[in-house]
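Reviewing the structure listed below.
Worth knowing before you read on, the calculation uses all heavy atoms, side chains too, and leaves out hydrogens, waters and symmetry mates.
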Amino acid sequence: MSVVDETTSASVTTRNAAGTATAVPAGTDVSGSGHLRDRVTELAELNETLRRGPSERATEAQHAKGKLTARERLELLFDAGTFAEIEELRRHRATGFGLEDRRPHTDGVVTGWGRVDGRTVFAYAHDFRIFGGALGEAHAQKIHKLMDLAESAGAPIVGLCDGAGARIQEGVTALAGYGGIFTRNVRSSGVIPQISVILGPCAGGAAYSPALTDFVFMVRGTGQMFITGPDVVQAVTGEAVTHEVLGGADTHATLSGVAHFAYDDERSCLDDVRHLLSLLPSNNRELPPAQPTSDPPDRRGETLLDLVPADPGQAYDMRAVIAEITDDGDFFEVQEDWATNVVCALTRLDGQVVGIVANQPASFAGVLDIRASEKAARFVQTCDAFNIPLVTLVDVPGFLPGVDQEHGGIIRHGAKLLYAYCNATVPRVQLILRKAYGGAYIVMDSRSIGTDVSLAWPSNEIAVMGAEGAANIVFRREIAAAADPEATRARLVKEYRTELMHPYYAAERGLVDSVIDPAETRARLIGALSMLRAKHAPLPARKHGNQPQ
């Protein structure tokens with residue numbers, strides 16, 4: 001190998017690997033590379049080869065499965081022409097099992113950054129055409145570098161997952177690569193938004209990284225997540241199950257709660273990833289991006305008077321209420337098909353992003369149970385981490401009773417929601433539409449656990465329990481001794497409701513700030529949130545809290 005030592009107009013002195021000096025005529029190409037333009041041409045050809053991928057056959061096979069290639073996905077995710085790739089020439093150094101003869105560039109993952117609606121976002125995309133997207137040492141190090149860059153730059157990171165897990169031929173170094181990803185997932189948690197998009201297989205240890213991120217998107221028919229595949233399940237338990245039933249998008253969107261969103265195709269999925277990013281700040285030091293709106297902040301919602309029945313036992317769809325009060329009726333529901341008795345959504349009020357947590361009377365009467373508590377708690381924590389104000393819409397009959405709930409740990413799971421609200425420092429506004437009974441009233445961001453502003457409609461009923469149940473307990477002996485128990489019960493129920501459950505009872509005691517006209521809901525929420533925009537509520541010094549498990 002020669003290196004230039006000094007140059008003159010007449011000659012170039014070089015030294016060989018042994019250190020011996022050799023003089024060559026001026027103008028001689030000592031690198032053996034030819035003209036620089038030739039090198040640029042060579043680079044362009046190499047980049048074109050990388051863009052096309054390993055082979056047309058591999059690309060056709062990917063498309064035949066209904067899947068896009070890694071770069072096609074990145075083109076859909078980013079603003080046109082903004083993606084900047086890094087380490088595209090990276091190759092593994094592993095040997096054995098024929099790996100030394102198969103050293104493709106990128107090592108099966110495309111990494112880099114670009115713009116989404118003009119803001120910087122980092123992303124990596126597994127390339128299933130290369131080693132099935134399996135993770136090896138070099139593959140993992142590329143992701144590690146990207147995650148470190150995203151954290152340093154204070155920008156979101158999106159993982160487009162389509163890989164066959166750890167590269168078996170590389171053994172423990174592949175497993176260590178996953179460990180590095182998990183460590184960075186946790187370190188960046190609550191610092192920058194992390195989004196996982198499951199577009200192919202994501203099995204074994206690979207499934208834990210999406211579980212550590214903030215949001216998980218999945219595509220039906222192609223995206224699957226599981227710790228052990230169908231073959232292992234059948235060998236161990238005797239159960240025959242397909243990939244889709246075991247870990248498909250609908251399974252995780254409706255049964256396990258692992259997936260926040262499920263889609264029929266990759267394009268609509270990636271469109272909504274872009275939409276979600278438009279609702280999130282780049283990092284925990286920024287506020288979410290505001291947008292101008294033509295929807296007047298003081299718009300009255302007369303429709304609300306007809307949407308919500310006065311009878312506390314009659315169901316209605318809380319999503320219709322959300323649509324009426326938000327900007328242009330637009331909101332982005334999270335985990336729409338899991339724990340449907342609570343609605344969690346990102347939306348805007350007067351152009352400002354807010355998170356809404358609402359009981360859903362159309363599903364199990366809006367009761368809180370294990371799943372609903374977990375779903376809402378996670379959403380509250382996410383909003384609080386990224387400076388998104390919280391609006392809580394309350395119409396809850398209590399916690400779901402039953403042996404299954406108690407044995408399943410409703411106490412600790414319900415406490416997760418309580419912990420999340422008590423720990424939240426973002427602006428918080430509570431609105432009680434109708435019933436708010438028992439511990440569920442407290443948990444749904446009541447004044448007693450720190451909500452900043454508590455509003456209520458004149459249809460509100462706040463009490464330990466419903467009037468009928470309360471009368472049966474408080475006046476049990478009187479009812480039993482009466483000549484006409486039913487008439488006595490009806491009279492006492494009415495008395496209890498009149499004395500302790502009238503719509504101004506909580507307001508008289510300072511537990512509700514204002515009882516408002518439902519038609520003014522939008523204006524009152526916007527006004528309260530505007531007042532709270534500069535809220536500062538520091539927590540005590542501590543390493544971290546110990547939230548319920």
Side-chain angles (χ1 to χ4, degrees), residues 54 57-70 73 92 94 96-99 102 104 107-109 124-137 139-140 143 159-182 185 196-213 216-260 262-266 269 337-338:
R57 182 179 177 183
T59 300
E60 289 171 2
Q62 182 82 346
H63 288 165
K65 297 174 185 176
K67 302 196 295 183
L68 300 174
T69 65
R73 290 162 174 166
H92 73 74
F97 305 100
L99 285 179
R102 299 176 60 203
D107 202 47
V109 63
Y124 62 88
H126 299 299
D127 192 339
F128 193 81
R129 300 171 299 170
I130 298 175
F131 296 125
L135 181 140
E137 180 184 27
H139 183 123
I143 297 176
L160 305 181
C161 304
D162 184 8
R167 195 174 299 168
I168 297 172
Q169 299 95 320
E170 295 197 30
V172 70
T173 55
L175 298 178
Y178 276 124
I181 293 173
F182 303 156
N185 284 140
S196 298
V197 189
I198 314 303
L199 303 166
C202 185
Y208 284 115
S209 178
L212 290 169
T213 60
V216 177
F217 290 71
M218 294 189 72
V219 173
R220 297 182 179 93
T222 56
Q224 293 113 26
M225 295 176 67
F226 37 71
I227 300 301
T228 54
D231 293 342
V232 175
V233 170
Q234 184 166 15
V236 175
T237 70
E239 298 175 272
V241 64
T242 66
H243 288 82
E244 194 68 16
V245 171
L246 181 63
D250 285 327
T251 295
H252 287 309
T254 62
L255 298 178
S256 72
V258 171
H260 297 80
Y263 298 86
D264 292 327
D265 62 89
E266 294 190 16
C269 176
D337 297 316
W338 186 68

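Every residue two or more places apart in sequence or in another chain that forms a side chain to side chain contact (heavy atoms under 4.5 Å, CB included) with Thr228 is listed here: Val232, Val233. Take Ser256 and apply the side chain to side chain donor-acceptor pair (under 3.5 Å) test, not counting sequence neighbours, and it matches His252. Ala211 is linked by a side chain to side chain contact (heavy atoms under 4.5 Å, CB included) to nothing, counting only residues two or more places apart in sequence or in another chain. With sequence neighbours excluded, the residues satisfying side chain to side chain donor-acceptor pair (under 3.5 Å) with Thr69 are Glu72. The side chain to side chain contact (heavy atoms under 4.5 Å, CB included) check on Val245 picks up Val241, Thr242, with sequence neighbours excluded. A search for side chain to side chain donor-acceptor pair (under 3.5 Å) contacts involving Asp265 returns Ser268, not counting sequence neighbours. The side chain to side chain donor-acceptor pair (under 3.5 Å) search around Glu239 returns Thr237, not counting sequence neighbours. Every residue two or more places apart in sequence or in another chain that forms a ring pair (Phe, Tyr, Trp, His ring centres under 6.0 Å) with His139 is listed here: His126. Listed by chain and number, the residues in a salt bridge (Lys or Arg N to Asp or Glu O under 4.0 Å) with Glu266 are Arg73 (sequence neighbours excluded).
A side chain to side chain donor-acceptor pair (under 3.5 Å) check over residues 196-211, counting only residues at least two apart or in different chains, returns the pairs Asn185-Ser209, Ser196-Thr213. Evaluation of the salt bridge (Lys or Arg N to Asp or Glu O under 4.0 Å) test over residues 224-236, restricted to residues two or more places apart or in two chains, returns none. Among residue pairs with one or both ends in residues 242-255, those qualifying as salt bridge (Lys or Arg N to Asp or Glu O under 4.0 Å) are Arg220-Asp250; sequence neighbours excluded.
Closest of all the heavy-atom pairs between His63 and Leu68 is CD2-CA, 4.3 Å. In plain terms, the two heavy atoms of Ala259 and Met218 that are nearest each other are CB-SD, 3.7 Å. Contact between Phe128 and Pro201 at its shortest, heavy atoms only, is CE1-CG, 3.8 Å. Taking both residues in full, the closest heavy atoms of Ile198 and Met225 are given as CG1-SD, 3.6 Å, listed atom of the first, atom of the second, then distance. Across every non-hydrogen atom of Tyr124 and Val109, the tightest pair is CB-CG2, 4.1 Å. For the pair Pro210 and Val216, the tightest heavy-atom approach, listed with the atom from each and the gap, is O-CG2, 3.4 Å.
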Do Phe97 and Glu170 pass the side chain to side chain contact (heavy atoms under 4.5 Å, CB included) test, and can you show the C-alpha distance, the side-chain angles, and the key distance before you say yes or no? CA-CA 9 Å; Phe97 305 100; Glu170 295 197 30; over 6 Å; no
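Electrostatic pairing of Asp162 and Lys65 does not count as a salt bridge here, judged by no charged N lying under 4.0 Å from a carboxylate O.
The backbone N or O of Arg129 sits nowhere less than 3.5 Å from a side-chain atom of Gln62 that would complete a donor-acceptor pair.
His92 has its side chain within reach of Phe131: a pair of non-hydrogen atoms, C-beta onward, lies under 4.5 Å apart.
For the atom pair Leu160 CG and Asp127 CG, the distance stands at 11.5 Å (nearest 0.5 Å).
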